Amino acid sequence: MLDTPLVSPLSLHQQDDEPDGFAAALGASFERFGFAVIQDHGIDQGLIDRAWADTAAFFALPEEEKRALHKPGAGGARGYTPFGIEIAKDAKQHDLKEFFHVGRELPEGHRFSETMAPNIWPDRPEGFRDTFVELFAAFDRAGDRLLSGIARHLGLAPDWFDPAVKDGNSVLRLLHYPPIGPDAPGVRAGAHEDINLITLLLGAEEAGLELLDRDGRWLPVAPPEGAMVVNVGDMLQRLTNHVLPSTTHRVVNPPPERRGTSRYSMPFFLHPAPDFVIETLPGCVSADRPNRYPEPISSNDYLLERLRQIGLAKA
């Protein structure tokens with residue numbers, strides 16, 4: 001769990017029996033830290049194990065084979081992004097990682113086809129596409145349940161987010177932080193906030209993920225084995241007028257003796273549909289909390305703006 005006594009893992013089973021209690025606990029964790037730790041998230045462990053194996057096998061492929069799946073200028077939306085391209089906003093050094101993006105599979109002629117790029121699939125390892133289409137759907141279901149809890153906490157109908165995220169532009173990222181030298185500079189992923197509504201992360205058991213607390217301390221995020229780390233993204237922060245904060249976080253380099261070991265993780269960036277308008281919720285505005293964002297913006301315009309800032313899209 002987080003290295004503080006104030007946060008305990010929550011079980012998603014509680015939502016079935018005590019939906020209001022779960023919503024209150026989830027909301028309290030988000031308001032205090034911008035993060036929560038979720039057990040019993042409902043994603044099958046056999047599927048997760050298969051996904052880890054396929055992830056490691058993919059990143060072990062020859063560099064030229066992986067780079068054939070990279071589309072320069074496409075904002076890293078789908079397919080492969082090579083090592084050293086992404087950079088945190090305002091950072092001076094690029095992140096020490098490579099990654100692969102899987103998006104939503106849309107039927108031909110779908111109204112979002114021009115905005116949401118088709119997936120790019122590798123020929124190897126065998127079964128890769130089936131594994132990650134299934135995992136994407138499992139993350140989608142878990143995300144819907146968490147959004148229901150967030151809606152309850154905000155005083156909204158439990159299904160308030162359903163139309164917002166239907167056919168949403170969510171992205172499943174397969175992350176590989178390769179082994180680095182004992183004197184490698186910087187950090188594996190620089191201090192940043194996520195762009196989307198919420199991020200669901202598997203793989204945080206490996207040390208390195210840290211969040212920046214209100215008092216300026218970096219707190220390690222170390223969930224129990226198999227648990228999911230969930231954090232608020234900037235879209236939800238904007239929607240709630242900072243009632244739910246998008247907390248700065250990073251992935252630091254391991255101790256020198258561990259730097260020869262790869263680190264893998266799988267964040268699912270849950271996005272609304274491209275045409276969803278991010279407009280401050282009236283219940284999150286008061287005399288003490290004036291509206292920081294009087295001008296609404298579509299989620300797609302906001303996404304493009306942020307992708308330019310982190311080097312994945314051209315200005």
Side-chain angles (χ1 to χ4, degrees), residues 2 7 10 12 15 22-38 41 89 104 139-173 191-201 209 211-214 221 228-249 267-286 289-307 309-310:
L2 299 178
V7 175
L10 304 174
L12 202 50
Q15 191 180 51
F22 176 80
L26 180 66
S29 186
F30 281 154
E31 287 193 19
R32 173 63 183 85
F33 293 103
F35 273 71
V37 176
I38 305 295
H41 45 69
K89 181 183 175 184
R104 189 176 303 281
F139 268 118
D140 231 3
R141 291 190 294 272
D144 284 348
R145 297 185 68 192
L146 291 165
L147 287 175
S148 179
I150 292 168
R152 284 180 184 271
H153 176 70
L154 296 171
L156 304 170
D159 60 354
W160 189 90
F161 283 99
D162 288 1
V165 299
K166 178 177 168 54
D167 296 333
N169 193 16
S170 299
V171 172
L172 173 57
R173 173 179 283 190
H192 66 283
E193 301 82 41
D194 292 345
I195 299 171
N196 41 289
L197 287 172
I198 56 173
T199 300
L200 290 67
L201 173 68
L209 178 63
L211 69 83
L212 184 62
D213 200 16
R214 294 172 181 174
V221 183
M228 174 187 289
V229 172
V230 183
N231 64 275
V232 175
D234 285 352
M235 289 184 181
L236 184 58
Q237 173 177 260
R238 181 172 178 139
L239 187 69
T240 64
N241 200 31
H242 291 235
V243 169
L244 303 181
S246 177
T247 298
T248 302
H249 52 285
F268 180 79
F269 301 115
L270 197 159
H271 282 259
D275 61 358
F276 174 72
V277 177
I278 306 171
E279 186 169 11
T280 311
L281 293 167
C284 296
V285 178
S286 66
R289 188 184 290 272
N291 189 0
R292 297 175 184 236
Y293 306 103
E295 295 296 324
I297 187 172
S298 76
S299 67
N300 192 59
D301 286 346
Y302 185 77
L303 173 62
L304 292 175
E305 179 183 296
R306 291 294 305 278
L307 289 176
Q309 293 173 347
I310 62 173

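Not measured: the values here are computed from a predicted model.
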Please report the C-alpha distance between Y293 and H242 in whole Å, then the side-chain angles of each, then the deciding distance to 0.1 Å, and finally whether the side chain to side chain donor-acceptor pair (under 3.5 Å) criterion is met. CA-CA 10 Å; Y293 306 103; H242 291 235; 2.6 Å; yes
Dump the intermediate steps for side-chain contact (heavy atoms from CB on, under 4.5 Å) on L244 and L239, then the final yes or no. CA-CA 9 Å; L244 303 181; L239 187 69; over 6 Å; no
Before you tell me yes or no, could you show the steps for S170 and R104 under side-chain contact (heavy atoms from CB on, under 4.5 Å), namely the whole-Å CA-CA distance, both residues' side-chain angles and the distance that decides it to 0.1 Å? CA-CA 7 Å; S170 299; R104 189 176 303 281; 4.1 Å; yes
side-chain contact (heavy atoms from CB on, under 4.5 Å) assessment of F22 paired with L12: CA-CA 8 Å; F22 176 80; L12 202 50; 3.5 Å; yes
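Taking the ring centroids of H249 and F35, they lie under the 6.0 Å cut-off.
Within the 4.5 Å cutoff, side-chain heavy atoms of V230 are placed close to those of F30. When side chains are defined from C-beta on, E279 does not count as touching E295, because their heavy atoms never get closer than 4.5 Å. Here the side chains of N300 and D275 are not in contact, with every heavy-atom distance at 4.5 Å or above. In this structure, L270 and L147 have side chains that are in contact, with non-hydrogen atoms separated by less than 4.5 Å. Side-chain atoms of L212 and F33, non-hydrogen and from C-beta on, never get closer than 4.5 Å to each other. Between L307 and I195 there is a side-chain heavy-atom pair separated by less than 4.5 Å. Using a 4.5 Å heavy-atom threshold, the side chains of V243 and R289 count as touching. Using a 4.5 Å heavy-atom cutoff, the side chains of L10 and V37 are not in contact.
Remark: side-chain polar atoms of T199 are not paired, donor with acceptor, to backbone N or O of F268 under 3.5 angstrom. Of the possible donor and acceptor atoms, one in the side chain of S148 sits under 3.5 Å from a partner among the backbone N and O of P158. Using a distance-only test at 3.5 Å, with no hydrogens or angles considered, a donor-acceptor pair links the side chain of T240 to the main chain of L236. Panel note: side chain Q15, backbone R145; a donor-acceptor pair is recorded below 3.5 Å. In this structure a side-chain-to-backbone donor-acceptor pair under 3.5 Å is missing from T248 to E193. Between the side chain of Q237 and the backbone N or O of P245 there is no donor-acceptor pair closer than 3.5 Å.
T280 and N241 form no side-chain donor-acceptor contact under 3.5 Å, judged by distance and modelled atom types alone.
The side chain to side chain donor-acceptor pair (under 3.5 Å) with N231 is formed by just one residue from the set T247, D194, N196; it is D194.
I38 contributes atom CD1, which lies 9.5 Å from atom NE2 of H41 (distance to the nearest 0.5 angstrom). Note that the CD1 atom of I297 and the CG atom of L304 stand 9.0 Å from one another [nearest 0.5 Å]. Of the inter-residue distances, the one linking M235 atom CE with Y302 atom OH reads 7.0 Å to the nearest 0.5 angstrom. How far CD1 of I278 is from CG of D234: 9.5 Å, rounded to the nearest 0.5 Å. With rounding to the nearest 0.5 angstrom, the CE atom of M228 is 7.0 Å from the CG atom of L146. Considering CZ of F269 and CG of L200, their distance stands at 10.5 Å, rounded to 0.5 Å.
Looking at every heavy atom in both residues, L154 comes nearest to C284 through CD2-SG, 4.3 Å. Closest non-hydrogen pair, A273 versus S299, comes out as O-OG, 2.6 Å.
Remark: R152 does not engage D159 in a salt bridge, criterion side-chain N to carboxylate O under 4.0 Å.
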